[in-house]
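Every chain is numbered from 1, with letters handed out A, B, ... down the list of sequences. If you're wondering where the values come from, they're calculated on a predicted model, not measured in any experiment. Because only heavy atoms are used, hydrogens play no part in the values below, and waters and symmetry mates are left out as well, while side chains stay in.
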Amino acid sequence: MQVPATFEYERAESVPHALELLERYGPEARVVAGGHSLIPMMKLRLAQPEALIDINGLADELGGIAVEGDELAIGAMVRHTELLESATATDLFPIFRDAERVIADPIVRNRGTVGGSLCQGDPSEDLSAVFAALRATAVIQGPGGMRTVPVRRFHQGPYETAVEPNELLIQLRVPVAAGTGSAYEKVERRVGDWPVAAAGAVLRIEGGVIARAGIGLTAVGAAHFCAPEAEAYLEGRAPDEEAFAQAGRIAAEHCEPHADQRGPADYKRHLAAELTRRALARAAGRS
Amino acid sequence: MRITVSVNGQSYTRDVEPRLLLVHFLRDELDLTGTHWGCDTSNCGVCTVQLDGVPVKSCTVLAVMADGHEVTTVEGLERDGELDAVQKGFVECHGLQCGFCTPGMLLTARALLDRDPDPDEARIREAISGQLCRCTGYENIVRSIRWAAEAR
């Protein structure tokens, strides 16, 4: 039987209350929402927080998916199932539907949250690549007020994010622009598993050329989950198969995949190129 | 910590450690052993119960998180001595097999049919994809859920 080590448990009643609890318990406290990453790590004693601040009661305050001006706002407490089933989000960005359908399984998705996925900072996490491809912004609240951080600067290392111990991720904001197509391609060993490799693509095509490209990569050691060299290569080019294949090769060259039980490094690098190519082609078809 | 949880319509108040998992609360504190406990890693899905009507894996939910909420376990599916349609389906179509994954499958199937009364086979397979049948006999489970959909 796997049992977590002992910890103090507090239930936050509002965002200010959560921040007050974080201040009181200090850096050894952890915020728990869905808990589907954190609790298994606690059971394996890979994580031993001294206190858990439960924010499940803030599902209304930190929930909701809505277009606000030229941005799509997604609350940190939005559960994966809710994002998958949100026509507002998936009609604008089919990449969310592609990715959410392959994140864990339907029952885990009922509980896990979007914000929790990003804050866990797992180097193989799917939504980190999705939001990196989308060039989203993270809204973080702390004792001094609100601040924003581009998702591409959100991850600072494995399991390390820009969120300080006394802060809370409250929302993700995605820029919305006409003519944008998006897609996500993942290879996994079986349903519900972490990716062997995965790639997300977001393309804005104007006048027959690529005006803006976003490429997200996960599980392959891509810095900040993105592929800026391949994006730069694509911008200004015609959206054709040759350009997508070359962008895939460039993206793969800049990865640093590690060999593990999911496969050797060269296989993962191959996947990074191929999945990038496929995601770009599908994204172009949807723009 | 003192918690009050409504399980199958009955309210239970207990003092529990925050680290107690919901699956162990149900089995060890309330003696509701219909909820099985399998892989302990949120993979196999045998510990699935409904929390406020939504299927969750109870080995990854703390009992304290269920405080003030409603839990439905397999013991709560039957009404006034009458089996739920999904339970009948599992009997009719031999969906039980060894029975270990059955309680979780039943609760997922019930939640699926509550939202989508007429799911096709692909939808059923997707809904139970987070639950492992070690008999590898998904055919009869899928048939059982279809039977329940048609019996309504």
Practice task
Locate the shortest heavy-atom distance separating Gly130(B) from Pro106(A); write the atom from each residue and the value.
Solution key: N-CD, 4.2 Å

Problem - Exercise: identify the closest heavy-atom pair between Pro40(A) and Thr60(B) - result: CD-CG2, 3.7 Å

Problem - Options Val3(A), Val108(A), Val191(A), Thr6(A), ranked by heavy-atom pairs under 4.5 Å with chain B, top entry - result: Thr6(A)

Completion exercise
Heaviest contributor of heavy-atom pairs below 4.5 Å to chain B, chosen from Asn110(A), Thr81(A), Ile107(A), Leu44(A), is Ile107(A)

Answer whether the closest heavy-atom distance between the side chains of [X] and [Y] falls below 4.5 Å.
X	Y	answer
Glu126(B)	Asp105(A)	no
Gln2(A)	Thr41(B)	yes
Tyr9(A)	Asp67(B)	no
Leu52(A)	Pro18(B)	no
Ile39(A)	Met65(B)	yes

Hey, what do you get for [atom1] ([X]) to [atom2] ([Y]), rounding to the nearest 0.5 Å?
X	Y	atom1	atom2	value
Asp40(B)	Lys43(A)	CG	NZ	4.0 Å
Leu51(B)	Arg111(A)	CG	CZ	5.5 Å
Ser129(B)	Arg101(A)	OG	CZ	9.5 Å

So for atom [atom1], which belongs to [X], do other residues, nucleotides or ligands contribute more than 12 heavy atoms lying within a distance under 6.0 Å?
X	atom1	answer
Arg134(B)	CZ	no
Asp60(A)	CG	no
Glu70(B)	CD	no

Handout entry: Ionic contact status for Arg19(B) with Glu8(A), cut-off 4.0 Å
Key = no

Practice task
Could you look at Ala104(A) and say if it's the side chain, the backbone, both or neither that has a heavy atom under 4.5 Å from chain B?
Solution key: neither

Exercise for the section: Would you mind checking which part of Met42(A) comes under 4.5 Å of any heavy atom in chain B, side chain (CB onward), backbone (N, CA, C, O), both or neither? Expected result: neither

